[in-house]
A.B. asks: 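This is the structure I want to talk about, given as structure tokens.
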Amino acid sequence: MERLAIHHANGMEMVAVKDSAISENGTERTLYPYVTGTSVIGMKYKDGVILAADMGGSYGSTLRYKSVERIKHIGKHSLLGASGEISDFQEILRYLDELILYDNMWDDGNSLGPKEVHNYLTRVMYNRRNKFNPLWNSLVLGGVKNGQKYLGMVGMIGTHFEDNHVATGFGNHLARPILRAEWREDLSFEEAVKLLEKCLLVLLYRDRSAINKFQIAKITDEGVTISQPYALKTYWGFSAFQNPSKGAEGSW
Amino acid sequence: MDIDLSAPHSMGTTIIGVTYNGGVVLGADSRTSTGMYVANRASDKITQLTDNVYICRSGSAADSQVISDYVRYFLHQHTIQLGQPATVKVAANLVRLLSYQNKNMLQMGVIVGGWDKYEGGKIYSVPLGGTILKQPFAIGGSGSTYLYGFFDQAWKEGMSKDEAEKLVVKAVSLAIARDGASGGVVRTVTINADGVTKNFYTGDSLPLWHEELEPHNSLLDILLASSSPEPMST
């Protein structure tokens, strides 16, 4: 951290502290994200894997962009959802584009499955972390290959794991408890959507950076489908909401 | 005094890009400030990249100028090699490339807009960090904070050229009214199949907003007008 000495007109010295993105040895590191996406939630269900995210790109506290697609398909077998810095997510998509292209160029009948893509992403994220220049994202990778369902997560420091249901950001705190209680191996598509929407609604109520515009994506052995953007109805009809100070004057 | 580094930097400008039925209209204010001083009150923030693609610059004047110069240079070579005009998408992606790869050193948010024969009029936003987003309209700079609500209400798909230009001028003028870092004149650049038209709107041609008054040459004119006309004397 650099310290800048500022001399006041009356002779007093003030010191300002400045965090430099370029350290003494000339290398760079990312300090903080600018345009960010909030939670992504995902889970396995009977026919495959299902992911959901809203379409918001926040700029600090401003809900600046409202049509950001944060779930994209990767090759034939995988879906990638991202929260965090959108420019880094766009760069990751370019890396994966190249990866899939080279995979296709082999023309050997094989194609990278979700497990391989997840591993590739883990290596990329961890190596960037070691250079103190992370890609500022939490990624959810879901897919199906030859009937095998796969769902994993990678964070910006390279932490990675697989599970039956995952969530990033606020979703970790708000969605996962719901999923832990209500997830089952044999959920139908309709039940899975309802369960995800239950989580999305809680996130909409309680996450300041969530917006009411969602996309749900599913992947099965047949292929990938990403839904059109849609909004959910919210409920405000609790009687207690009508007059919060009724019971105790001045309460909220 | 500790500077809050985690809040996004607001940038001294208002820039707008709007698509309409047939092309795009780009708009900006004309104030360049160094701290509290207005260094240039008639700057041109809408810079040419190619014959058919322009860029609205906000943030550090130096950073946005030098990036524009590099991108203009690359696009020039690209046009020669391609044998036809560059597309707006390519221009925007070159800006993104430089912004993203130098994200730690640059402080600029831009709007790239233009017309090409494949996609027609298109607008791309490249904010801090190097994200690229194609949008039907885009706003940027410190003055844009005052325009989110305005555009939420006033934006319509499929406007005519005149409607789009009027919207842009109104919006920049509203932002100038409230943002200290924006001011001067409203410049617009309209790009479509027929080419490029540049316009320039000075304060007197813009509507007056809340608590703004009709400008006069002198108080004396007002006093003269209100009292009964005095007989001329030699």
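What you see below is based on every heavy atom in this structure, not just the backbone, and it leaves out hydrogens, waters and symmetry mates. Each chain gets a letter, A, B and so on, in the order the sequences are listed, and its residues count up from 1.
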A.B. asks: For A:N137 and A:E85: C-alpha separation, side-chain torsions, deciding distance, then whether side chain to side chain donor-acceptor pair (under 3.5 Å) applies.
C.D. replies: CA-CA 6 Å; A:N137 297 111; A:E85 169 67 45; over 6 Å; no
A.B. asks: Look at A:S87, A:S67, A:G57 and state which one has the largest set of heavy-atom pairs under 4.5 Å with chain B.
C.D. replies: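 The option with the most such pairs is A:S87.
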A.B. asks: Has the side chain of A:S58 got a donor or acceptor atom that lies under 3.5 Å from a matching backbone atom of A:G60?
C.D. replies: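 Absent.
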A.B. asks: Can you tell me which portion of B:T145 sits under 4.5 Å from chain A's heavy atoms? Options are side chain, backbone, both or neither.
C.D. replies: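 Contact with chain A: none, neither part.
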A.B. asks: Residues two or more places apart in sequence or in another chain: which of them pass ring pair (Phe, Tyr, Trp, His ring centres under 6.0 Å) with A:Y150?
C.D. replies: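 A:H118.
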A.B. asks: Do the charged groups of A:K76 and A:D103 touch, with an N to O distance under 4.0 Å?
C.D. replies: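 Result for this pair is no, no salt bridge flagged.
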A.B. asks: According to ring pair (Phe, Tyr, Trp, His ring centres under 6.0 Å), who are the partners of A:F241, at least two apart in sequence or on a separate chain?
C.D. replies: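 Result, ring pair (Phe, Tyr, Trp, His ring centres under 6.0 Å) vs A:F241: A:F238.
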A.B. asks: Is the B:F137 ring parallel, tilted or perpendicular to the B:F151 ring (thresholds 30°, 60°)?
C.D. replies: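 It falls in the parallel class, under 30°.
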A.B. asks: Between B:I132 and chain A, which part of the residue has a heavy atom less than 4.5 Å away: side chain, backbone, both or neither?
C.D. replies: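 Contact with chain A is through both the backbone and side chain of B:I132.
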A.B. asks: Using the test salt bridge (charged side-chain N to carboxylate O under 4.0 Å, His left out), find all partners of B:R72 that sit at least two apart in sequence or belong to another chain.
C.D. replies: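 Scan of B:R72 (salt bridge (charged side-chain N to carboxylate O under 4.0 Å, His left out), adjacent residues dropped) gives B:D69.
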A.B. asks: Tell me the residues of residues 93-100 of chain B whose non-hydrogen atoms fall below 4.5 Å from those of chain A, in number order.
C.D. replies: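 So the qualifying residues are B:N93, B:R96, B:Y100.
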